Amino acid sequence: MSADTKTVFELRKAGKIDEAYKMAQQLYEAQPDDEWVNKAMFYTLYDKIKAESEHMDNNTQVLLGKQVSQLKLPEDDKAINTCLGIIKRILDPNYDKLQQASEFSKKGLFKKAVDIYKVIIVNYKEDEYVNICYGWDLYRLAKEIIVKTPDNFRECKTCLNYYLKLSNPRPSHLHSSILRLALKLAKDDKLDIVAFAKMWDLNTFDSEDFRPSVFEGKTYPSLAEQAYQELFKELSRNPNHENVEHFSSFLDKAIETFPDNIWLIYYKVKILSSLHENDQALKYMIKVLRKKSSEYWAWKYAGDILAGSDDLERSVSCYCKAMLCTGEEDKLLRVKADFVPILVKSGYTTEAVIEVNNVLASNDDKLKQEISQYQSEPWWVTKLDKKESNKEFYLKMSASASDLLHHDLPWHKAVFVETFRTKQKNKELAKLMIVEEPGKLTETVTSTKNYPVLKKLTPGQAVMVKYTIEEGKLNVLGLELRNDGFAWDILPSQIAVVDHINEGKNIVHCISINRSHISYGHRTGQKDMLRADSVYGGVIRLTGSNEVSMFEVGMPLEIRAFSKVSSKGIILDIRGYTKLEPDATDSDLVMSFSGNVRINDYGYGFVDNVFIHASMVSEHQLVNSDQVHGRAIRKFVKRENAWGWHCFRID
């Protein structure tokens, strides 16, 4: 930038528009190809046109417009392009109308502003600024109509239609705001959301549209999730082939983006079912059932899908499951009526008659008239063996329906832990430990009502389960006894030794090497001592003194346990054990020793690095240099913060 062009910009900044304009003209005449001279000339023309916009005559407009068009300006300069758009609008014959529309908008007179834009927008099809202004006024007018005169929704829809024809940037906040209005109308059945979504274009969501909103501490679905749900709910009601094909990929994307929204999956089920793609429909319906297994309508719909595939036995089973669910009486009557033809086709005519009689005994005159036709069918019988309900039939036939929930899931090894009752509802639950993946155990609970066999199991008994994980929670869907297992077999086994016995409390304490942390101390005087976290322990709780008497210190055991963190560090939660032969012990925990004893002034003895308590020295009448043979076990030495050797037996 030369000193002269710099002066032009300084004059502009000082508000001396005419002086800047004259100087820029002189520079342009002398250097018409200079980049900064062209920019200086352009911006002074921009200032002059804006300043004189309200009282500019035609000749001046033509002159200034011609001067702008002759300049050599960069095409990719955003600031220059913005100013060019403003110049174009000011020099346009309709500029006064644009100004008038803007003034109406500022005063909240959106209808008057919109009426002006309707007439002149044809001249501004490519003008982004005008399209944005017009779009916002259409939005504000439509919103005003919804709030003040909701019955006049047709005018509101007209505003939305005008908006969809504009060429404003998309995605944008305006575009998302228009969708919110459309959803409000659609939820009140005042707008065809399927047709609207086609024109709005689901590819034009903004990233903000996928974020949930929070109001007064409560989280609400994002705009995108609301739109998808409303759209596919309507599409599932009227699955026009062309629309299904158009939105199919969007539905899959919606399910992937919002995996916890079960309704999106349900709408896909309905659409697939309408296309007679029953195998695929059932696959997705199972996902719905896993979350809605207590809802009658979910089981009924699964029954309808299976009936469409001529899988009548499983269809009957699903309908029976539906009839065992709670629901409004009139809705369940509808299920009964729809159940009748499936029962007849499956050969259960007696049960069909019972369902018809139950409907005929109701107060639903319309449904009674519809179902009375069955009384003239050849299979109809008027007398039954005092059987007024199909309850036993429902219970008997519903078992295979439950299998649908987990038929495609793998079995996982598990063990029963215990049963307990909740404090508030006194509900009996069972705790299970499951192998979620190799090396990963997970605890969960399930109701004994779902699996009565759990009431008869003993702690640690081997079972296998099928489950899903929904929103971070493990839900058991199937459970059977595992005959090839043994108590607590899924817990890792390790060698432990008894290091303490509390006969009064019937408790045996064991220690084991923590193989993932084993390391030896390196401080002076800590030869052969294991660091504190190299050994961990746990207790075995026994039922009586007879059992306790079967244990002795130093006895090797194979334990089934898992480690958990406590206030004292890592401890073992021992669930099962097996006694081993004496020579099966872990040499890091128990060893034999032999050597000459050293006795200190306090009466304690030492054979190399093995400590002998004063009471044992006294009991065996040991003196310095006596040859001693015995057995030692690891014991925690608090002052050393390490595990040393402690004599527990002298041979």
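This one's a predicted model, so the numbers in the text were calculated from it and none came from an experiment.
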Which pairs count as side-chain hydrogen bond (donor to acceptor under 3.5 Å, both in side chains) when at least one residue sits in residues 212-223, sequence neighbours excluded? none
Can you run down the ring-ring contact (aromatic ring centres under 6.0 Å, His included) pairs that involve residues 397-440, sequence neighbours left out, and say none if there aren't any? H412-Y467
Sequence neighbours excluded, every pair satisfying ring-ring contact (aromatic ring centres under 6.0 Å, His included) that has a member inside residues 306-359: Y319-F339, Y348-F393
Is the count of non-hydrogen atoms from other residues, nucleotides or ligands lying under 6.0 Å from [X] atom [atom1] greater than 12?
| X | atom1 | value |
| --- | --- | --- |
| K187 | NZ | yes |
| N203 | CG | yes |
| K579 | NZ | yes |
| K291 | NZ | yes |
| E256 | CD | no |

Within a strict 4.5 Å, meaning less than it, do heavy atoms of the [X] and [Y] side chains meet?
| X | Y | answer |
| --- | --- | --- |
| I469 | E436 | yes |
| Q424 | T422 | no |
| M323 | V335 | yes |
| E552 | V498 | no |
| L580 | I495 | yes |
| N514 | S534 | no |
| W263 | K292 | yes |
| N238 | V194 | no |

Stepwise, does the salt bridge (charged side-chain N to carboxylate O under 4.0 Å, His left out) test hold for K300 with D304? CA-CA 6 Å; K300 178 194 180 301; D304 291 338; 2.8 Å; yes
Okay, side chain of [X], backbone of [Y]: is any donor-acceptor separation there less than 3.5 Å?
| X | Y | answer |
| --- | --- | --- |
| R634 | D588 | yes |
| T444 | L432 | no |
| N390 | E351 | yes |
| S315 | L306 | no |
| R482 | A414 | yes |
| T446 | V476 | no |
| Y451 | G478 | yes |
| S317 | A401 | yes |
| Q226 | P221 | yes |
| R560 | D489 | yes |

Tell me whether [X] is salt-bridged to [Y], with the criterion being a basic N under 4.0 Å from an acidic carboxylate O.
| X | Y | answer |
| --- | --- | --- |
| E208 | R211 | yes |
| R334 | D338 | yes |
| K366 | D364 | no |
| D260 | K473 | no |

Can you give me the closest heavy-atom contact between [X] and [Y], atom names plus distance?
| X | Y | answer |
| --- | --- | --- |
| L405 | R290 | O-NE, 2.5 Å |
| L589 | I511 | CD1-O, 3.7 Å |
| L409 | K466 | O-CE, 2.9 Å |
| A197 | L231 | CB-CD1, 4.0 Å |
| C510 | I574 | CB-CD1, 4.3 Å |
| G460 | V415 | O-CG1, 3.6 Å |

Rounded to the nearest 0.5 Å, what separates atom [atom1] in [X] from atom [atom2] in [Y]?
| X | Y | atom1 | atom2 | result |
| --- | --- | --- | --- | --- |
| K283 | I305 | NZ | CD1 | 13.5 Å |
| M464 | I490 | CE | CD1 | 14.0 Å |
| K431 | E443 | NZ | CD | 5.0 Å |
| I507 | I501 | CD1 | CD1 | 12.0 Å |
| T448 | L479 | OG1 | CG | 11.5 Å |
| E313 | S346 | CD | OG | 6.0 Å |

Would you please say whether a donor-acceptor pair under 3.5 Å links the side chains of [X] and [Y]?
| X | Y | value |
| --- | --- | --- |
| S362 | K368 | no |
| E547 | N506 | no |
| D209 | S176 | yes |

Mind checking side-chain hydrogen bond (donor to acceptor under 3.5 Å, both in side chains) for K425 and listing every partner two or more places apart, or none if nothing turns up? none
List in chain and number order the residues that pass side-chain hydrogen bond (donor to acceptor under 3.5 Å, both in side chains) with E480, two or more places apart in sequence or in another chain; answer none if no residue qualifies. none
Apply side chain to side chain contact (heavy atoms under 4.5 Å, CB included) to residues E428 and L454 and explain how you reach the verdict. CA-CA 10 Å; E428 187 178 44; L454 290 170; over 6 Å; no
Acceptor/donor pairs from residues 265-281 side chains to any protein atom, 3.5 angstrom cut, sequence neighbours excluded:
from, atom 1, to, atom 2, distance (Å)
K268, NZ, D252, OD1, 2.8
S274, OG, I271, O, 2.6
N278, ND2, G308, O, 3.4

Verify side chain to side chain contact (heavy atoms under 4.5 Å, CB included) between W297 and K331, making sure each step is shown before the conclusion. CA-CA 9 Å; W297 57 265; K331 301 288 178 62; over 6 Å; no
Only one of W643, Y536, W645 clears ring-ring contact (aromatic ring centres under 6.0 Å, His included) with F636; which? W643
Step by step, would you call L324 with W299 a side chain to side chain contact (heavy atoms under 4.5 Å, CB included)? CA-CA 10 Å; L324 291 171; W299 288 108; over 6 Å; no
Verify side chain to side chain contact (heavy atoms under 4.5 Å, CB included) between L202 and F247, making sure each step is shown before the conclusion. CA-CA 9 Å; L202 297 180; F247 288 110; 3.8 Å; yes
